[in-house]
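Basis for what follows: all heavy atoms, side chains included, without hydrogens, waters or symmetry-related copies. The structure displayed is predicted, hence computed values, not measured ones. Letters A, B, ... mirror the listed sequences (proteins, then strands); counts begin at 1.
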Amino acid sequence: MEQLKKMLGAALADAVARATAARGWPPVAVPEVTWEYPPEPSFGDLSTTLSFALAKQVRRSPRDVATAIQQTLDVDPALVAKVEVAGPGYLNVFVANGWWQGVLREVLGAGPSYGRASIGQGQRVQVEFVSANPTGPLHVGHGRGAALGDAVANLLEAVGYGVEREYYINDAGSQMRLLGESVWARHLEAKGKPVQFPENGYHGEYVRELAERVSAVVPGLADAEAEQAIPACAAQASQILLGEIEADLRAFGVVFDSWVSERSLYDSGEVEAALATLRAGGYLYEEGKAIGFRASDFGDEKDRILIRSSGEPTYFTSDIAYHANKIRRGFHRLINIWGADHGGYIPRVKAAIRALDHDPEILRVILLQMVKVLRSGAPVPMSKRTGEFVELREVVNEVGKDAARFLFLTRRSEAQLDFDIEAAKRQSMDNPVFYVQYGHARACSMARKAAEAGLPGPYADADLAHLTLPEELGIMKHLAIYPEMVLHSALAHEPHRVTTHLQELAAAFHGYFTKYKDSEERVISGDRDLSRARLAMVAAVRQVIANGLALLGVSAPERM
RNA sequence: GCGCCUGUAGCUCAGUGGAGAGAGCAACUGCCUUCUAAGCAGUGGGCCGGGCGUUCGAGUCGCCCCAGGCGCACCA
């Protein structure tokens with residue numbers, strides 16, 4: 001498609017030059033020709049508004065300009081059937097059937113790599129996502145982040161970037177201490193010792209079970225001093241939870257390349273080093289016993305405390321060291337996926353990156369809106385404070401990883417997501433996952449039927465000129481646009497475009513199938529050549545659905 | 001009060017500055033002796049939150065309102 005557009009653009013530029021010269025119009029600068037897909041078949045396959053841009057320069061109406069171009073235009077009839085001037089000056093291009101048919105050969109030739117590109121040129125990109133504190137099990141919101149991060153990573157890989165998936169473990173600081181306090185308190189409770197549960201502690205039921213498991217590993221907890229018991233509980237509990245988090249993610253189909261621990265940044269001296277760099281730059285100041293960073297000098301709305309009066313560093317301090325660490329590792333781009341409630345945090349991280357003398361543009365943060373979980377239309381309450389939330393594990397067990405991942409990726413990240421568990425489980429029209437997967441299964445089924453009928457594949461040598469039904473051309477157009485959809489989706493970090501495109505492709509395919517299945521135009525018919533051409537198209541549909549689902553991390557079943 | 005995000009069909013949401021604004025669900029009407037009816041075809045349903053601007057052209061860009069969400073810590 002890109003190639004076709006490029007050739008047409010060149011032909012148009014050439015036509016403009018000759019048309020203006022022939023008519024004695026002033027010479028014009030031809031802008032880059034942009035193409036769009038017209039809203040209606042009668043407007044052709046591609047359309048450009050080039051004449052609107054030129055009209056002013058030559059002081060003629062867009063319609064006159066368009067007509068002049070159209071009359072002068074010289075294009076290969078193998079590519080273009082006709083060009084029309086329409087409306088106030090659109091140039092509508094009707095692409096030749098042969099060109100669309102050629103797309104099928106491209107798909108079948110490229111196979112799993114159809115849609116891949118090399119624009120990334122191997123540049124290294126890091127995608128950091130999930131990064132949930134190891135203070136509890138992953139919930140549905142984390143699942144959305146996991147699906148998004150993994151899909152963004154897949155997309156970037158598909159267009160030629162070297163991608164690393166990273167999980168940042170917040171295993172230092174006050175949340176860890178709270179976890180330790182909560183676990184210890186539950187243990188003491190279990191031992192019948194009266195305790196006051198920490199005010200902001202973790203109230204979830206899982207903490208009781210955690211306390212049991214921790215006490216099995218750490219002896220003598222009940223009689224220990226708080227200063228020994230709490231860190232021990234925190235360390236053991238977070239290790240157990242981290243193991244569960246990793247297992248849950250694996251079950252969800254998400255595997256990280258690296259896990260970086262916050263504590264390790266302290267142990268290695270990187271936090272100290274980052275502070276020293278900022279101090280040397282004169283970007284730190286004292287406020288009482290606390291130490292702050294002049295973030296407002298770098299675009300943040302206010303200055304930020306790095307070291308509390310108590311001497312404890314804030315979360316931000318290690319995060320500065322963490323981002324310095326990422327940049328040091330040589331990535332060309334850093335992508336962070338955060339919950340929308342961390343949006344206000346972006347300017348201060350960018351300020352820190354700038355203060356450390358790096359370009360803050362290296363960092364791109366994708367903010368993810370909340371997931372509202374429903375069950376048969378009724379909201380399921382979620383609150384980390386009270387420990388009531390729907391765990392990712394439950395959802396994966398109940399609806400499966402495919403449905404969960406696909407549905408998480410049907411919305412833009414900025415849009416809040418309603419996730420209805422009952423609807424996700426339903427294997428019906430409510431459920432776009434099954435619709436798309438069914439398209440794949442149906443194509444596989446047709447290939448099996450064809451083999452039984454003595455028409456086995458491959459079909460790469462079929463005479464594709466037979467494919468001229470409007471539905472067939474429609475399907476081929478979807479296949480043709482797939483690569484640029486992947487490219488846009490990758491560069492914009494928007495996997496939802498993939499789910500949308502796959503639904504459209506599946507709809508075109510299901511519609512085609514049903515319309516002709518009982519007619520003379522059915523795919524597998526008495527006409528051998530025609531059948532093989534159609535089977536080639538079916539094979540291409542199967543391939544593109546499989547490729548698209550792979551980007552989303554969703555399986556493409558051969559039978560359903 | 002300030003900042004970011006979001007307002008599109010009854011519901012959930014798509015929609016690269018371009019031509020009667022789309023899909024799924026829900027409602028209604030049809031279609032199974034034949035490649036999977038987990039499907040398909042059709043009908044109804046819209047001041048694209050409001051206003052002003054930029055532009056030949058605005059759901060899309062800018063400004064101002066209105067409504068909702070999230071932030072505005074020596075929490076993360």
Side-chain angles (χ1 to χ4, degrees), chain A residues 34-40 42-43 47-49 52-53 55-56 61-62 86-90 92 131 133 135 170 173-176 178 200 287-292 301-302 304-316 319 339-347 367 369-370 374 377 410-420 423 426-432 434-435 437-439 441-450 452-453 484-485 488 492 496-497 499-501 503-504 506-507 509-519 522-525 531 534-535 538 559-560:
Chain A
T34 56
W35 294 101
E36 61 194 78
Y37 300 106
E40 208 194 296
S42 68
F43 296 155
S47 120
T48 180
T49 53
F52 293 86
K56 242 181 293 179
S61 73
Y90 298 99
N92 291 340
S131 298
N133 292 352
T135 54
N170 294 125
S174 55
Q175 297 305 312
M176 275 291 101
L178 265 181
N200 299 314
E287 190 171 308
K289 286 183 179 170
I291 296 172
E301 59 184 19
K302 56 178 81 163
R304 307 292 175 179
I305 296 296
L306 296 183
I307 308 289
R308 287 174 267 222
S309 305
S310 64
E312 288 275 306
T314 62
Y315 172 83
F316 182 41
D319 222 22
D341 54 340
H342 289 57
Y345 197 77
I346 297 170
L367 293 180
Q369 284 294 336
M370 300 294 129
L374 310 172
T410 53
R411 305 276 183 267
R412 286 151 54 231
S413 58
E414 306 86 34
Q416 190 179 303
L417 174 74
D418 282 10
F419 187 92
D420 193 312
R426 220 172 298 151
Q427 307 196 348
S428 73
M429 313 238 321
D430 301 26
N431 201 335
F434 287 89
Y435 188 77
Q437 287 184 318
Y438 182 44
R442 173 169 266 171
C444 290
S445 163
M446 291 168 82
R448 287 192 296 269
K449 275 283 188 312
E452 287 168 22
E484 68 185 42
M485 182 281 299
H488 288 148
H496 77 273
R497 295 173 184 239
T499 56
T500 304
H501 187 268
Q503 290 180 74
E504 287 171 359
F509 182 54
H510 288 311
Y512 168 71
F513 175 88
T514 310
K515 176 164 182 180
Y516 295 114
K517 67 189 181 107
D518 299 331
S519 80
R522 71 206 300 277
V523 169
I524 301 170
S525 68
S531 297
R534 287 181 172 153
L535 287 163
V538 171
R559 284 188 163 81
M560 290 176 78

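Within the 3.5 Å criterion, the main-chain N or O of A:Q416 finds no donor-acceptor partner in the side chain of A:R411. Judged by distance alone, with hydrogens and angles left aside, the side-chain atoms of A:S531 form a donor-acceptor pair with the main-chain N or O of A:S525 at under 3.5 Å.
Looking at every heavy atom in both residues, A:L306 comes nearest to A:F316 through CD2-CD2, 3.4 Å. A:Q369 approaches A:E414 most closely through the heavy-atom pair CG-O, 2.9 Å. Between A:L535 and A:A450, the shortest heavy-atom contact is CD1-CB, 3.5 Å. The minimum heavy-atom distance between A:P88 and A:F52, with the atom names listed, is CG-CZ, 3.7 Å. Closest approach of A:A55 to A:S61, counting heavy atoms only: CB-C, 4.1 Å. Minimum heavy-atom separation, A:R308 to A:P313: NH2-O, 2.7 Å.
Rounded to whole Å, the C1' atom of B:rG44 lies 39 Å from the corresponding atom of B:rC63. Taking atom C1' in both B:rG42 and B:rC35, one finds a spacing of 25 Å when rounded to whole Å. Spacing of P atoms, B:rA73 relative to B:rC66, comes out at 24 Å, to the nearest Å. Annotation: B:rC74 and B:rC70 have their C1' atoms spaced 23 Å apart (nearest Å). For B:rC72 and B:rA19, the C1' atoms lie 45 Å apart once the distance is rounded to whole Å. For the P atoms, the distance from B:rA58 to B:rG53 is 12 Å, rounded to whole Å. Remark: the separation of the P atoms in B:rU55 and B:rA76 is 50 Å, to the nearest Å. On the C1' atoms, B:rG59 is 12 Å away from B:rG18, given to the nearest whole Å.
Residue whose closest nucleotide on RNA chain B sits further toward the 5' end, between A:Q416 and A:Y512: A:Q416. The nearest heavy atom of RNA chain B to A:A450 and to A:N170 marks one nucleotide each, and the one closer to the 5' end goes with A:A450.
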Item to check | Trace of the side chain to side chain contact (heavy atoms under 4.5 Å, CB included) decision for A:R448 with A:M446 | outcome: CA-CA 5 Å; A:R448 287 192 296 269; A:M446 291 168 82; over 6 Å; no
Next on the checklist: Please determine whether side chain to side chain contact (heavy atoms under 4.5 Å, CB included) holds for the pair A:T135 and A:L178, giving the CA-CA distance in whole Å, both sets of side-chain angles, and the decisive distance to 0.1 Å.
Outcome noted: CA-CA 9 Å; A:T135 54; A:L178 265 181; over 6 Å; no
Checklist entry - side chain to side chain contact (heavy atoms under 4.5 Å, CB included) between A:N170 and A:M176: does it pass, once the steps are laid out? => result CA-CA 8 Å; A:N170 294 125; A:M176 275 291 101; over 6 Å; no
Next on the checklist: Apply ring-ring contact (aromatic ring centres under 6.0 Å, His included) to residues A:Y512 and A:Y516 and explain how you reach the verdict.
Outcome noted: CA-CA 6 Å; A:Y512 168 71; A:Y516 295 114; 5.6 Å; yes
Item to check | Step-by-step side chain to side chain contact (heavy atoms under 4.5 Å, CB included) determination, A:E36 to A:T49 | outcome: CA-CA 9 Å; A:E36 61 194 78; A:T49 53; 4.2 Å; yes
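Annotation: cation-pi geometry not satisfied between A:R442 and A:F509 (NZ/CZ under 6.0 angstrom from ring centroid, within 45° of ring axis).
In this structure, the CG atom of A:D319 is 13 Å from the C1' atom of B:rC75, given to the nearest Å. Atom-to-atom, CG of A:N431 to P of B:rA26 comes out at 12 Å; the value is rounded to the nearest Å. Taking atom CE of A:M446 as the reference point, atom C1' of B:rG39 lies 13 Å away to the nearest angstrom. One can place CZ of A:F434 at 19 Å from P of B:rG24, the figure rounded to the nearest angstrom. The CG-C1' distance, from A:D420 to B:rG24, rounds to 14 Å in whole Å. Rounded to whole angstrom, the span from the NE2 atom of A:H510 across to the C1' atom of B:rA41 amounts to 15 Å. The separation between A:Q437 atom CD and B:rG39 atom P is 13 Å, rounded to whole Å. The CG atom of A:L417 sits 10 Å away from the C1' atom of B:rC13 (whole-angstrom rounding).
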Item to check | Letter per nucleotide, 5' to 3', of nucleotides 18-23 of chain B [B base touched, S only sugar-phosphate touched, - untouched; heavy atoms, 4.0 Å] | outcome: BBB---
Next on the checklist: Output one letter per nucleotide in nucleotides 27-32 of chain B: B when a protein non-hydrogen atom lies under 4.0 Å from the base, S when only the sugar-phosphate is that close, - when neither is.
Outcome noted: ------
Checklist entry - Could you run down nucleotides 42-50 of chain B 5' to 3' and tag each one B, S or - for protein heavy-atom contact under 4.0 Å? => result ---------
Checklist outcome for this item: Quick tally for nucleotides 3-8 of chain B: nucleotides whose base has a protein heavy atom under 4.0 Å get B, sugar-phosphate-only ones S, the rest -, giving --SSS-
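Closest to the A:D341 side chain, of the nucleotides B:rA73, B:rU12, B:rG71, is B:rG71. Side-chain proximity of A:A290 to the nucleotides B:rC74, B:rA76, B:rU34 is greatest for B:rC74. Checked against B:rA76, B:rC35, B:rA38, the side chain of A:F513 finds its nearest nucleotide in B:rC35.
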Checklist outcome for this item: For RNA chain B, the expected dot-bracket line (Watson-Crick or G-U under 3.5 Å, [ ] crossing, | inter-strand) is (((((((..((((....[...)))).(((((.......))))).....(((((..]....))))))))))))....
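At the phosphate of B:rC56, OP1 or OP2 sits under 4.0 Å from a side-chain N or O atom of A:K56. Side-chain nitrogen and oxygen atoms of A:Y435 include at least one within less than 4.0 Å of the OP1 or OP2 phosphate oxygen of B:rC40. Distances shown here put a side-chain N or O of A:R442 below 4.0 Å from the OP1 or OP2 atom of B:rA37. Phosphate contact (OP1/OP2 of B:rC13, side-chain N/O of A:R497, threshold under 4.0 Å): absent.
Contact annotation: the side chain of A:Y315 never approaches that of A:Q175 to less than 4.5 Å [non-hydrogen atoms, C-beta and beyond]. Counting heavy atoms from C-beta on, the side chains of A:K302 and A:R304 come closer than 4.5 Å.
How far NE2 of A:H488 is from CZ of A:R497: 7.0 Å, rounded to the nearest 0.5 Å.
A:A441 comes within 4.0 angstrom of a base, heavy atoms only. Counting non-hydrogen atoms under 4.0 angstrom, A:T500 reaches the backbone sugars and phosphates but no base. Nucleic acid contact class of A:K302 (heavy atoms, under 4.0 Å, all strands): sugar-phosphate only.
B:rG24 shows a glycosidic angle more than 90° from 0 and is accordingly assigned anti. Its glycosidic angle being within 90° of 0, B:rC32 falls on the syn side.
Counting atom types as modelled, A:H496 pairs no side-chain N or O with a base atom of B:rA14 as donor and acceptor under 3.5 Å. Scanning atom types as modelled, no donor and acceptor separated by under 3.5 angstrom connect the side chain of A:S445 and the base of B:rC35.
In this view, A:H496 satisfies the side chain to side chain donor-acceptor pair (under 3.5 Å) rule with no residue, not counting sequence neighbours.
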